[in-house]
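These numbers come from a predicted model, not from an experiment. Both counts, for ligands and for their atoms, begin at 1 and track the order of listing.
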Amino acid sequence: MTLATLIIFQVGLAQNNIIPFPASYTSSSDVFQLNNQVSLILKTNDVEVKNYSKNFIELLAKKGIHVSLNENESHKSDKTIVVELFKNFKPEIGNEGYILEVNTFSIKISANESAGIFNGFQTLRQLFPVEFESHSNDSLESIKISGCKIIDYPRFKWRGLMLDVSRHFFTVEEVKAYIDKMSQYKFNVFHWHLTDDEGWRIEIKSLPKLTEVGAWRVQRYGSFGKDRIYPLPNEVATYGGFYTQDQIKDVVKYASDRNITIVPEIDMPGHSMAALAAYPELSTKKEAKFVSPGAKFSEWYGNGTFKMLIENTLNPVDEKVYEFIDKVFTEVALLFPGEYIHMGGDEAYHGYWEQDSTVQSFMKQNNIKDSHELQSYFVKRVEKIIRSKGKKTIGWDEILEGGLADGAAVMSWRGMKGGIEAAKMGHEVVMSPTTYAYLDYTQGDYSVENKVYASLSLETCYSFEPVPTDVDPKFILGGQANLWAEKIPTLPFAFYMTYPRAFAISETLWSKKDSKNWNHFVGRVENQFERFDMANLNISKAVLEPIVRVFKDGNKLMCELKNSVPNTDIYYTIDNTYPAKFGLKYTEPFEIPQGDLGLRTQTYKNEKAIGRELIIHRTDLEKRVSK
Ligand code: ACM
């Protein structure tokens, strides 16, 4: 071997592709061979650590590597994985941090608490070769891990992903698959959006109609909105489902086995059409309703103003509504051991309140001057109910309107401004702005993606900074990305929309702010692509594709192409020839001449096409011209 190849070989082995990037990583030239001769020595009696260790051993066994578990400290083995909790708390790594040391003879994972051990195992897994993730049954026999010392801990304590299971019902197994994957990237909060207009998904034993009626809607296909029609007379509601309380307990345990706390969301007073289909008496008009099949029932006028054509809001002046809410949260609080319950609070339409004489006289009697104050009255009552169950309230930033309830935390989604306002009032905040963290938005070029009303590229996602400059960081619990499921009919597509953007969010929430580096990140994302491909899991590679911008120069239609990934070239043609590789290499904006012509463009790395080819006709390019 020449010196040059030796160096390349060593660099290759030592490469750190970990996402989220660790706080500190030092490589060495050691190599640990993980095979059947290795034993895992557990130097603690902690039940969770034992559980995490057993699960890791099982994961290895699936790849044919059988590591024995040894709880006897004096056990002698040439090769060991040592797992231990520090006797004295090490403040620098906190509750979820860990130290991972790999040398020729041992792997050692140490932490203050079990959560740190879990996270250490996730990092170790990412140090394995990509073949480890293969969905085939092939045995690996041995895994080589390059020597290193990693000291790692999170920047934020709330690192969340939200899954909407109302617009599309995901089965227990699918929810578990979603949770399992997010735990590998050190997310620790699963926000479970359990109720909405399109379905109520959690069994509430004292209110059986919520799931008998509210969990089912008539079957419709395709995009939500005007193409979906309302239920026909006597049409049977066949689409839907819900989680029984036993299933919920099972998912809570599954999440906890992966260091994930579940925050259940019961969205109110708006987004309640499914609840009102079950109990129409809880609205002002008390009219019979159906569970929305995704048909259009609202009008949006810009600037966040809207009208609901069907009443989907609870009546905030009816005591029966608070009895209902009390029953719901009594059962929800018993099912979910976490600190927070999410009460929704977003997009509540006040029009039916404003038209209702009982509501209006209640407001007069109680000096409530407008519907925002009325919503605030509602939020405060709900917060009190949630508090009475021993939980803290969190809600979307609309809960600020008309006055925020004491003690309530705010999840800021309409940008960061709600979060800033709440933090300045001394409330806890989770930043989840549409501008950086909405995973339902389109992530690539419209010619190859489903068109959503807004776009969010991986690069923009990666530029998310949850702490605004003029806010005391101690109030920012962290951040979260949200996957709304109006356009997500399957789990593989949920993965496609979530990854790799969730990597960007995970790194933003875990890694040190000053360690973030786009080019470095995107290189590690490419390694994760290989892992997902190996596992046969769906992931979007839109980041590899050219970003197309068109503009006018006088009468000329001009096209600019941009790449997000370093060390790549863009090739294109504008003369209806293909493949793009045999066209022109992009250097500067060019004209698309008149005629029945289209742009074909593709990114190349080391002469190989990567990402999808984009084919956009001139007429479509014309439509894109930004004024
Ligand atoms: C939301 O996106 N309506 C919270």
Quick check on contacts: which atoms of ligand 1 are under 4.0 angstrom from a heavy atom of [X]?
{"X": "Trp396", "result": "4 (C)"}
{"X": "Glu347", "result": "3 (N)"}
{"X": "Trp484", "result": "1 (C), 2 (O), 4 (C)"}

Is it the case that the side chains of [Y] and [X] hold a donor-acceptor pair, with the cut-off being a distance below 3.5 Å and no angle test?
{"X": "Tyr340", "Y": "Thr261", "answer": "no"}
{"X": "Glu354", "Y": "Ser371", "answer": "yes"}
{"X": "Thr460", "Y": "Ser457", "answer": "yes"}

(Q) Using a plain distance cutoff, I'd like to know if Trp413 has any nitrogen or oxygen under 3.5 Å from a nitrogen or oxygen of ligand 1. (A) no
(Q) With nothing but distance in play, are any N or O atoms of Tyr438 less than 3.5 Å from an N or O of ligand 1? (A) yes
Q.
Which heavy atom of Phe290 sits nearest to which heavy atom of Pro293, and what is that distance?
A. CE1-CD, 4.0 Å
Q. So which heavy atom in the protein is nearest atom 3 (N) of ligand 1, and how far is it from that ligand atom?
A. Asp346 OD2, 2.7 Å
(Q) Between Thr313 (side chain only) and Gly270 (backbone N and O only), is there a donor and an acceptor less than 3.5 Å apart? (A) no
